[in-house]
Trainee: 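Sharing a structure below in structure tokens format, with a few things to ask.
Per chain, numbering begins at 1; letters A, B, ... match sequence-line order.
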Number of protein chains: 2
Amino acid sequence: MTNLAKDEIIKRLQQAGIKPTTQRVMILDYLLRNLDHPSSEKIFQDLHSQDSVLSKATVYNTVNILLDKGLVAVLETGDEVAHYDVELHEHAHFQCHSCRKIWNVALPDMEVNNPSLPEGFISTGVQVLVKGYCVDCANSLQV
Amino acid sequence: MTNLAKDEIIKRLQQAGIKPTTQRVMILDYLLRNLDHPSSEKIFQDLHSQDSVLSKATVYNTVNILLDKGLVAVLETGDEVAHYDVELHEHAHFQCHSCRKIWNVALPDMEVNNPSLPEGFISTGVQVLVKGYCVDCANSLQV
DNA sequence: GTAGTTGCAAAGGATTTGCATTAAG
DNA sequence: CTTAATGCAAATCCTTTGCAACTAC
């Protein structure tokens, strides 16, 4: 599990031009320690229960700043909530229809970076989401 | 542009086990004529302005039924709204960061159907979303 | 009749926003 | 000091739900 020192986290924020306040460091630290694609609500709940100096609005604002500066990525799954990810190198996600958990999966070596876009279109990234059933749910549901 | 006769649409609904009411036929017809990935709100606005016999709840309910029966697919983009698509064969989508419009793009012939999932996991489908800038926005924004 | 569908308005849930307070350099 | 960030609550937007009225067999 990634476990960067506070100094490292502060440095990352500063390099991105984000003022490293207590709350922002907490949140980025949380994301680096929890690679299971938490939602803003989950981040808030977990951090707020440990340490009451944190509001929901701050979590949403901070996550949006981190997104904007490219320190995290967002994954839209069709759940009502957005899931965040600090893993920035290209990879795909798998989500279980039943338990809604998300896994990272390796992207096969494919030309997903060069889909046949119309002339003049510019790609900035590709999101690949595989849906299905995880092994536990597949077993218990007899899918 | 697809332009199925009402009879065809009714038949499709019946084959899926959906009672072909006036509103449901209207909505499926709309989706077949508008391949630009409309949202429920857009469907409601366009159909309601033509013909006032339609409520927002009916649009949401109907779209969910169509989804459930596999007559349409949903595309989650990270906008606050879901976009619907009657094109059911495998393809990718491109969305412009700037104008938010969505295009269908061909999936390169890749093994996206067989990503390396963990043992026992079952895939039921893959959603590929390419993000970037469309030609018009790229030009006007000098990206 | 009876079951299923519609419309309306209200509820629900995720996210954003306004503004007074507080913290950071 | 001065600017920016925080916390709180209210607001907003999308979507779902409850329920009474309606429609179609």
Trainee: Taking heavy atoms of chain B and a 4.0 Å limit, find me the 5'-most and 3'-most nucleotide of DNA chain C within that range.
Mentor: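 With heavy atoms of chain B under 4.0 Å away, the range is C/dG4 to C/dC8.
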Trainee: Once salt bridge (Lys or Arg N to Asp or Glu O under 4.0 Å) is applied, what residue pairs with a partner in residues 54-65 of chain B remain, sequence neighbours excluded?
Mentor: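 Checked against salt bridge (Lys or Arg N to Asp or Glu O under 4.0 Å) - neighbours excluded - the pairs reaching residues 54-65 of chain B are B/E41-B/K56.
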Trainee: If I compare all heavy atoms of A/V74 with all of A/A82, which pair ends up nearest, and what's the gap?
Mentor: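 Closest approach of A/V74 to A/A82, heavy atoms only: CG2-CB, 3.7 Å.
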Trainee: Other members of the hydrophobic cluster containing B/Y60, with the 4.5 Å side-chain heavy-atom rule, please.
Mentor: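 Besides B/Y60, the cluster holds no residue at all.
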Trainee: Answer yes or no: is there a donor N or O on one side and an acceptor on the other, between the side chain of B/D29 and the main chain of B/V25, under 3.5 Å?
Mentor: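 Not at all, since once roles are kept as given, no pair shorter than 3.5 Å links the two residues.
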Trainee: Taking 4.0 Å as the cut-off, does a side-chain nitrogen or oxygen of A/S55 come that near to OP1 or OP2 on D/dT6?
Mentor: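 Checking D/dT6 against A/S55, no side-chain N or O comes under 4.0 Å of OP1 or OP2.
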Trainee: Does any part of the side chain of A/L67, heavy atoms only, come nearer than 4.5 Å to the side chain of A/N64, both counted from C-beta?
Mentor: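 Yes, close enough: below the 4.5 Å cut-off.
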Trainee: Can you sort out the partners of A/D85 under side-chain hydrogen bond (donor to acceptor under 3.5 Å, both in side chains), two or more places apart, ordered by chain and number?
Mentor: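 By the side-chain hydrogen bond (donor to acceptor under 3.5 Å, both in side chains) rule, A/D85 matches A/H37, A/H91, A/H93.
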Trainee: Hey, does A/T77 have a side-chain heavy atom less than 4.5 Å from the side chain of A/H83?
Mentor: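 Yes - at least one pair of side-chain heavy atoms lies under 4.5 Å apart.
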Trainee: B/T124: what forms a side-chain hydrogen bond (donor to acceptor under 3.5 Å, both in side chains) with it, not counting sequence neighbours?
Mentor: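 Once residues adjacent in sequence are excluded, the partners of B/T124 under the side-chain hydrogen bond (donor to acceptor under 3.5 Å, both in side chains) criterion are A/H97.
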Trainee: Holding to side-chain hydrogen bond (donor to acceptor under 3.5 Å, both in side chains), I want the full list of residues that pass it with A/D136, two or more places apart in sequence or in another chain.
Mentor: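 Checked A/D136 against side-chain hydrogen bond (donor to acceptor under 3.5 Å, both in side chains); zero matches.
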Trainee: To the nearest 10 degrees, what angle separates the axes at the start and end of the helix from C/dG1-D/dC25 to C/dG25-D/dC1, five pairs each?
Mentor: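 The end axes of the helix from C/dG1-D/dC25 to C/dG25-D/dC1 are about 30° apart, to the nearest 10°.
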Trainee: Please list all pairs passing the salt bridge (Lys or Arg N to Asp or Glu O under 4.0 Å) test where one or both residues lie in residues 94-105 of chain A, with sequence neighbours left out.
Mentor: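 Of all non-adjacent pairs touching residues 94-105 of chain A, those that pass salt bridge (Lys or Arg N to Asp or Glu O under 4.0 Å) are A/D79-A/R100.
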Trainee: In residues 19-27 of chain B, which residues come under 4.0 Å of DNA chain C by heavy atom?
Mentor: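 Those residues whose heavy atoms fall under 4.0 Å from DNA chain C, taken from residues 19-27 of chain B in numerical order, are B/K19, B/T21, B/Q23, B/R24.
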Trainee: Suppose we screen for salt bridge (Lys or Arg N to Asp or Glu O under 4.0 Å). Which residues come up paired with A/K19, at least two apart in sequence or across chains?
Mentor: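 Testing A/K19 for salt bridge (Lys or Arg N to Asp or Glu O under 4.0 Å), a comparison that skips the adjacent residues, returns none.
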Trainee: What one-letter contact string describes nucleotides 12-18 of chain D from 5' to 3', where B marks a base within less than 4.0 Å of any protein heavy atom, S marks contact via sugar-phosphate atoms alone, and - marks no contact?
Mentor: --SBBB-
Trainee: If you link ILVMFWY side chains whenever their heavy atoms are less than 4.5 Å apart, which other residues fall into the same cluster as A/I102? By chain and number, please.
Mentor: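 Besides A/I102, the hydrophobic cluster comprises A/L75, A/L129, listed by chain and residue number.
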